[in-house]
> 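Handing you this structure, nothing more for now.
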Amino acid sequence: MDEPLLSWQIGSIRVTRVPELSTASLGPHLLPQATPAALAPFPWLAPFCDADGRIVLSMHTLLVETPEQVLLVDTCIGNDKERSYPRWNHMQTDFLARLSAAGGAPERVDQVLCTHMHVDHVGWNTRWDGSRWQPTFPRARYLYSAREWAHWQREEQVYGPVIEDSVAPIFDAGLAELVDDHHVVCAGIRLVPTPGHTPGHVSVLIADGGESAFITGDLVHHPCQLAHPEWSSTADEDADQAVATRQAFLDRYTEQPTLIIGTHFAAPTAGRLVRDGARVRLDY
């Protein structure tokens, strides 16, 4: 992948987007309301759509570097995993090399934050060593919402054995830490509960040096949901709760200086929420 890295500075904390892949093929399934015709009235969405007007979704990790720690927010899909979605099945990319080149070499990472336990957010938690799944980041503590973990004890998986190959081995290795949804990760970084997509879904708030940024997770899959917060994705566990949480997020951060960094937003990926008539758009 030749997509350039994007970075943002929030006080003394640096956030770098490291992409794994991007796709327009998931859009019609994930957000069927977001047709090219429905998006045409919003020209600001152009960078987040392909040449045919279909929404583009980016799978990327956010590398967060503080003066004291190196953290990752979500770990994408991963290599060698058995997945029901054909493009992701036994996938092979050079993502880990690119992450290392950006400063996220496995031995440098102190904490891995997973906004939730879906297939495209936990994949690189582990890698195949030829005989079993091993933690990719052997020094790191892996943080999971206790509420999210409880949910996945009884929830059916549709993309493959995600918990078995990408989450359970972390517990087996003694590296998992179950936390509450308001957990303070370290100085300047804390979790924010944003339920709806999954019951224990969390976002990440960074605040340092008078500046702030908000990493969405799947609270918002695509910037079109800023203009249409009532559009829930087909992957949302509780569509009504997802809409209410998304609207509360817009009410809180629109016309505020907080930088919004989208976990699935294609480049330019981040911006501030501003009024656009009766709706909201991303000012990038």
Side-chain angles (χ1 to χ4, degrees), residues 1 17-32 55-62 72-96 99 112-128 132-137 140 142-145 147-172 175-176 194-204 215-222 232-239 242 262-266:
M1 174 179 285
R17 170 185 179 264
V18 183
E20 182 180 42
L21 60 85
S22 61
T23 178
S25 64
L26 285 177
H29 165 70
L30 193 68
L31 284 168
I55 65 171
V56 173
L57 297 171
S58 172
M59 313 297 169
H60 52 255
T61 284
L62 292 165
L72 301 179
V73 179
D74 291 334
T75 63
C76 302
I77 301 161
N79 282 359
D80 301 307
K81 305 285 169 91
E82 179 185 340
R83 299 294 180 249
S84 60
Y85 183 58
R87 187 180 177 188
W88 298 354
N89 190 42
H90 296 284
M91 191 169 71
Q92 296 295 317
T93 75
D94 65 348
F95 170 80
L96 197 60
L99 179 62
V112 176
L113 320 180
C114 294
T115 60
H116 59 300
M117 294 184 179
H118 278 167
V119 57
D120 50 330
H121 295 260
V122 298
W124 274 107
N125 285 2
T126 62
R127 55 180 168 177
W128 185 248
R132 60 177 178 165
W133 296 107
Q134 294 275 20
T136 303
F137 309 99
Y142 289 69
L143 305 189
Y144 305 106
S145 159
R147 189 154 49 120
E148 182 76 359
W149 177 238
H151 169 71
W152 285 103
Q153 304 312 294
R154 58 184 184 276
E155 186 68 13
E156 181 181 358
Q157 300 181 72
V158 297
Y159 280 100
V162 177
I163 299 300
E164 290 82 354
D165 62 34
S166 298
V167 179
I170 304 303
F171 283 85
D172 294 342
L175 299 180
T194 47
H197 182 61
T198 62
H201 185 279
V202 294
S203 301
V204 181
I215 298 173
T216 63
D218 285 0
L219 163 68
V220 183
H221 279 88
H222 188 272
S232 278
S233 84
T234 56
D236 289 341
E237 298 280 346
D238 185 334
T263 295
H264 286 303
F265 292 7

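Numbers for residues simply follow the sequence, beginning at 1. No experiment lies behind these values; they were computed from the predicted model shown.
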> Centre-to-centre under 6.0 Å for His116 and His151, is that the case here?
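For His116 and His151, the ring centres are not under 6.0 Å apart.
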> Are His90 and Trp128 close enough that their ring centres sit under 6.0 Å apart?
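No, too far apart.
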> Under 3.5 Å, is there a donor-acceptor pair between the side chain of Ser203 and the main chain of Thr216?
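A pair under 3.5 Å: yes.
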> What's the shortest heavy-atom distance between Pro195 and Pro199, and which atoms?
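Smallest heavy-atom distance, with atoms named: CB-O, 3.5 Å.
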> Supply the atom-to-atom distance Asp74 CG to Thr115 OG1, rounded to the nearest 0.5 angstrom.
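Rounded to the nearest 0.5 Å, the CG-OG1 separation comes out at 3.5 Å.
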> Does His201 offer a backbone N or O that forms a donor-acceptor pair with the side chain of Thr198 under 3.5 Å?
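Indeed, once roles are kept as given, a pair shorter than 3.5 Å links the two residues.
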> Does a salt bridge link Arg83 with Asp165, judged by any charged N lying under 4.0 Å from a carboxylate O?
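Between Asp165 and Arg83 there is a salt bridge, with a charged N closer than 4.0 Å to a carboxylate O.
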> Measure centre to centre between the rings of Phe137 and Trp124, then say whether the value is under 6.0 Å.
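No, the ring of Phe137 stays outside the 6.0 Å limit from the ring of Trp124, centre to centre.
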> Please report the closest heavy-atom contact between Arg17 and Ala266, naming both atoms and the distance.
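Shortest heavy-atom contact: NH2-CA, 4.1 Å.
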> For the residue pair Val112 and Thr75, establish whether any side-chain heavy-atom pair is separated by less than 4.5 Å.
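Yes; the side chains approach each other to less than 4.5 Å.
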> Does any part of the side chain of Leu57, heavy atoms only, come nearer than 4.5 Å to the side chain of Leu30, both counted from C-beta?
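Sidechains of Leu57 and Leu30: in contact.
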> Of all residues at least two apart in sequence or in a different chain, which pass the salt bridge (Lys or Arg N to Asp or Glu O under 4.0 Å) check with Arg127?
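For Arg127, no residue satisfies salt bridge (Lys or Arg N to Asp or Glu O under 4.0 Å) once neighbours in sequence are set aside.
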> In sequence, state the C-alpha distance, the side-chain angles, and the governing distance for Val167 and Trp149, and then conclude on side-chain contact (heavy atoms from CB on, under 4.5 Å).
CA-CA 9 Å; Val167 179; Trp149 177 238; 3.6 Å; yes
> Are Val162 and Val122 close enough, and set up right, to give a side-chain contact (heavy atoms from CB on, under 4.5 Å), and what steps lead you there?
CA-CA 8 Å; Val162 177; Val122 298; 3.6 Å; yes
> Look up atom CE in Met117 and atom OG in Ser166, then write down how far apart they are to the nearest 0.5 Å.
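So the gap between those two atoms works out to 11.0 Å.
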> Is a donor on one side and an acceptor on the other found under 3.5 Å between the side chain of Ser232 and the backbone of Ala239?
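Yes, Ser232 side chain to Ala239 backbone: donor-acceptor pair under 3.5 Å.
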> Any donor-acceptor pair under 3.5 Å linking the side chain of Gln157 with the backbone of Ile163?
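Present.
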> Once the angle between the rings of Tyr85 and Trp88 is folded into 0 to 90°, is it parallel (under 30°), tilted (30 to 60°) or perpendicular (over 60°)?
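Ring orientation of Tyr85 relative to Trp88: perpendicular.
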> State yes or no: are the ring centers of His121 and His264 separated by less than 6.0 Å?
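Yes; His264 has its ring centre under 6.0 Å from that of His121.
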> Output the distance between atom CG (Asn79) and atom OG1 (Thr136), rounded to the nearest 0.5 Å.
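Asn79 CG to Thr136 OG1: 9.5 Å, rounded to 0.5 Å.
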> Can you name the closest pair of heavy atoms from Ile77 and Lys81 and give their distance?
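Closest approach of Ile77 to Lys81, heavy atoms only: O-CG, 3.9 Å.
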> Could you tell me the separation between the CG atom of Leu62 and the CG atom of Leu72, rounded to the nearest 0.5 Å?
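Between atom CG of Leu62 and atom CG of Leu72 there are 9.0 Å.
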> For the residue pair Asn89 and Tyr159, confirm or rule out a side-chain donor-acceptor distance under 3.5 Å.
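Judged by distance alone, the side chains do not pair up.
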> Got a donor-acceptor contact below 3.5 angstrom from the Thr234 side chain to the His29 backbone?
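Here the side-chain-to-backbone pair exists.
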> I want to check something: taking the side chain as every heavy atom from C-beta on, are His60 and Phe95 in contact at a cut-off of under 4.5 Å?
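His60 does not reach Phe95 side chain to side chain.
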> Hey, is the main chain of Tyr144 close enough, under 3.5 Å, to the side chain of Glu148 for a donor-acceptor pair?
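Not confirmed, Glu148 side chain does not pair with Tyr144 backbone.
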> Passes side-chain hydrogen bond (donor to acceptor under 3.5 Å, both in side chains), His197 versus Asp236? Steps please.
CA-CA 4 Å; His197 182 61; Asp236 289 341; 2.7 Å; yes
> Evaluate whether atom CD of Glu82 has more than 12 neighbouring non-hydrogen atoms of other residues, nucleotides or ligands under 6.0 angstrom away.
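No - once you tally the heavy atoms of other residues, nucleotides and ligands closer than 6.0 Å, there are 12 at most.
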> Sub-3.5 Å donor-acceptor pair from the side chain of Glu20 to the main-chain atoms of Thr61, do we have one?
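Not confirmed, Glu20 side chain does not pair with Thr61 backbone.
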> Between Pro169 and Pro135, what is the shortest heavy-atom contact and its length?
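So the minimum-distance heavy-atom pair works out to O-CG, 4.4 Å.
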> Just verifying a value: how many Å separate Arg87 CZ and Ser25 OG, rounded to the nearest 0.5 Å?
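If we round to the nearest 0.5 Å, Arg87:CZ and Ser25:OG are 6.5 Å apart.
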> Nearest 0.5 Å, what's the CE-SG distance between Met59 and Cys76?
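Here the interatomic distance stands at 8.5 Å.
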> Side chain of Tyr142, backbone of Ile170: donor and acceptor closer than 3.5 Å?
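No.
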> So does Asp218 get a backbone contact from the side chain of Thr263, meaning a donor-acceptor N/O pair under 3.5 Å?
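Looks like no, no N/O pair under 3.5 Å.
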